[in-house]
Structure formats: C-alpha cells, structure tokens
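Right, one structure below, let's go through it.
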2 protein chains.
Amino acid sequence: MSQALRDAGVRVTRQREAILQVLTGSEDHPDAAELHRRAQALDPSVSLATVYRTLTVLEREGVIARHSFENGSARFEIAEPGHHDHIVDLDSGEIIEFHSEKIEELQRRIAAEMGYEIVHHRLELYCRKA
Amino acid sequence: MSQALRDAGVRVTRQREAILQVLTGSEDHPDAAELHRRAQALDPSVSLATVYRTLTVLEREGVIARHSFENGSARFEIAEPGHHDHIVDLDSGEIIEFHSEKIEELQRRIAAEMGYEIVHHRLELYCRKA
DNA sequence: TTGGCTGCAAAGGATTTGCACAAAT
DNA sequence: ATTTGTGCAAATCCTTTGCAGCCAA
C-alpha cells in the first residue's frame with residue numbers, strides 16, 4: 001500500500017506510515033482526533049495538522065472513505081472494494097455497515113427519471129434497538 | 001402558524017415573525033446567513049444570532065427541517081407533511097426533492113433485520129446531468 | 001410584571017493554512 | 001538537490017453562548 005502511494009507520487013513519511021497503520025488496524029470509524037491519539041502511540045511526533053493533511057491525501061488517492069454523520073466530526077475508514085451505507089445506533093453511537101443492491105438500483109432509476117446520473121450518494125439510518 | 005407557536009409556549013417576536021415569513025416564502029433551501037439577509041430586508045433589527053436561535057426553536061417545534069449536505073452550512077425549509085429526500089446537482093448546487101416509498105420500505109426492512117427501528121434517516125444523491 | 005427574547009461580542013469546535021524547517025526521493 | 005511534508009500557531013468557517021437590556025404575554 002505504501003508502495004502504491006509512492007507510485008502515485010505521494011511521499012510516504014514516518015508520520016503517514018503511522019497513520020496508515022492505525023487506519024488499517026481500526027475496525028471502527030475513528031475521527032481525526034482519535035486517529036491522532038492512536039497514531040501518536042506509534043509515533044509521538046505526529047501532529048493533528050498532519051493527520052488532517054494525510055486524511056485528505058488518502059481520500060484523494062481512494063485509500064480511505066470519509067463520512068460526515070449528524071453531529072460531530074468526520075469519521076474515516078479504509079476504503080474497501082464495494083460501497084456500503086451505514087446504520088447509526090443513536091444510543092450507543094455504534095456504526096453498522098450494510099449494502100442493498102435493490103436500493104442502489106432504485107436510486108439510479110429515480111435519478112435517471114430526473115435526467116441525472118449519480119456521482120455518489122449518502123444513505124444513513126439513524127436507529128434505536130427495536 | 002404564529003398562533004400555534006404561541007400555544008406551544010413560544011413567544012412570537014417581531015424578529016421571529018420576519019424569519020417565519022422568509023421561510024414560508026422561500027422555495028429554495030437557504031442557509032442561516034441567507035435567511036439572515038432575507039429577514040433583514042423585512043426587519044433590519046434581526047441579528048444572525050437570533051436567526052440561529054429561532055431556527056433551533058422552529059426545528060424543535062417541527063415547523064422546519066434542517067439538512068446538512070456535504071460541504072458548507074446547514075440548510076432549512078418549511079417542514080411539509082410527508083418526508084422527502086434530496087438530489088443535489090453537483091454543478092449548479094440546485095436541490096431537488098424526491099420520495100420513494102419503495103426505498104423507505106427497504107430501509108425499514110434492512111433495519112428490522114439488524115434488530116433496529118429507524119428514528120430518522122438521510123438519503124442524498126449527488127448527481128450530474130446525464 | 002417577569003420570564004423569555006434580543007443584539008453584541010466573545011467563545012467554541014472542527015478543520016485549514018502560512019511559515020520556516022525537516023526529510024523523502 | 002529538489003520538492004514535498006511537517007509542526008506549530010494562527011486563521012477560517014459555522015454555530016453557540018454570556019451578558020445586560022428589551023418586550024411579549
């Protein structure tokens with residue numbers, strides 16, 4: 001992955017390696033401040049500004065996905081192949097991923113009916129345990 | 001509408017009437033700064049802080065809906081009966097409303113499968129003219 | 001009358017940026 | 001040797017808040 005970035009003309013610094021390592025090792029959806037905390041455990045020199053700058057680069061390179069849920073800061077995750085949407089547990093804050101090809105298809109149809117083509121979309125279900 | 005607010009124990013001030021009038025007269029999805037501009041045309045005494053405070057109250061009372069699209073500030077509209085989602089034209093910034101009961105149903109089914117009940121949701125299609 | 005509003009200005013939180021230095025290629 | 005990345009602190013942007021006076025009920 002580091003090599004892929006280098007090939008894309010991105011310099012892979014000590015700090016960026018730390019941030020990448022944190023991201024690949026995270027199962028949840030941390031925000032910039034949390035990533036900063038975790039990255040500093042690996043390399044205390046990592047600054048919050050660099051975390052933000054690196055996240056911007058990684059998003060541009062398609063390595064990570066950024067999600068802005070209601071309330072609070074943006075959250076990040078390694079971009080897996082295949083898009084997914086999110087359920088947000090309003091009580092625990094937990095984030096659950098799901099995917100529905102049926103919904104995606106309906107979205108495309110609706111957009112097409114209005115003369116549009118979807119570039120990207122955002123679907124979030126804010127839920128409570130039934 | 002003013003009376004309904006009064007009945008709910010909300011004071012309807014000169015400023016709030018101006019803001020309400022702007023909101024009911026707006027076909028688009030203005031943000032707080034734009035509402036401030038428009039409200040000042042009716043009553044120059046309206047401050048931006050009051051716009052924000054009023055929007056919070058009106059949202060709590062169910063009079064308006066707040067939407068936070070990607071990039072930029074929150075946008076507001078009078079809450080019509082019946083929920084709708086949005087298409088955002090990435091080139092013009094235009095916002096188009098749509099509703100799909102099929103999608104809503106699928107969302108409910110998916111949430112239910114995970115043991116959840118949807119409190120509210122957010123679906124936005126970021127599009128370009130085909 | 002009086003508790004809820006208001007304007008103003010200052011504070012807040014998240015994110016970005018200018019700068020001089022450091023380090024990857 | 002270049003050119004890009006870095007830390008730090010200051011700056012931005014949107015939004016909220018403390019305070020002293022104002023006004024809707």
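Treat the numbers as computed from the prediction; the structure is a model and nothing was measured. The figures here come from the full heavy-atom set of this structure, side chains too, leaving out hydrogens, waters and symmetry mates.
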Item to check | Non-hydrogen side-chain atoms of L35(A) and I19(A) separated by less than 4.5 Å | outcome: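 The answer is no; the side chains never approach within 4.5 Å.
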Next on the checklist: Can you confirm whether E97(B) sits close enough to D85(B) that some side-chain heavy atom of one is under 4.5 Å from a side-chain heavy atom of the other?
Outcome noted: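 Not touching, per the 4.5 Å side-chain cut-off.
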Nearest-angstrom distance from the residue atom [atom1] of [X] to [atom2] of [N]:
| X | N | atom1 | atom2 | answer |
| --- | --- | --- | --- | --- |
| Y52(A) | dA10(D) | OH | P | 19 Å |
| R75(B) | dC14(D) | CZ | P | 10 Å |
| L55(B) | dT15(D) | CG | P | 9 Å |

Checklist entry - Looking at F98(B), Y126(B), F69(B), which hits ring-ring contact (aromatic ring centres under 6.0 Å, His included) with H86(B)? => result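 Looking at F98(B), Y126(B), F69(B), the match for H86(B) under the ring-ring contact (aromatic ring centres under 6.0 Å, His included) is F69(B).
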Checklist entry - Tell me, which of residues 10-43 of chain B have any heavy atom that sits under 4.0 Å from an atom in DNA chain C? => result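 Nucleic-acid contacts, sorted: R11(B), T13(B), Q15(B), R16(B).
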Checklist entry - Between T56(B) and V46(A), which is nearer to the 5' end of DNA chain D once each is assigned its nearest nucleotide? => result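 The residue whose closest nucleotide sits nearer the 5' end is V46(A).
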Item to check | Spacing of CD1 belonging to I78(A) relative to CG belonging to L23(A), to within rounding of 0.5 Å | outcome: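 Taking CD1 in I78(A) and CG in L23(A), the distance rounds to 5.0 Å.
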Item to check | Interatomic distance, Q21(A) atom CD to R38(A) atom CZ [nearest 0.5 angstrom] | outcome: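 The CZ atom of R38(A) is 13.0 Å from CD of Q21(A), to the nearest 0.5 Å.
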Checklist entry - Does R6(B) make a side-chain N or O approach to OP1 or OP2 of dA24(D) shorter than 4.0 Å? => result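 It does not, given that no N or O in the side chain of R6(B) lies less than 4.0 Å from OP1 or OP2 of dA24(D).
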Checklist entry - Under a criterion of less than 4.0 angstrom to any heavy atom of chain B, what are the 5'-terminal and 3'-terminal contacting nucleotides of DNA chain C? => result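 First and last nucleotides in contact are dG3(C) to dC8(C).
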Item to check | Note: R108(B)-E105(B) ion pair, threshold 4.0 Å (strictly below) | outcome: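 Yes.
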Checklist entry - Thinking salt bridges, do R122(B) and E124(A) make one under a 4.0 Å N-O criterion? => result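 Looking at E124(A) together with R122(B), the answer is yes, because their closest N to O distance falls below 4.0 Å.
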Next on the checklist: Base, sugar-phosphate or nothing for R53(B)? Non-hydrogen atoms, less than 4.0 Å.
Outcome noted: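 Base: the residue R53(B), judged by heavy atoms under 4.0 Å, touches a nucleobase.
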Checklist entry - When the ring planes of H83(B) and H99(B) are compared, do they come out parallel, tilted or perpendicular, using 30° and 60° as the limits? => result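 It falls in the perpendicular class, over 60°.
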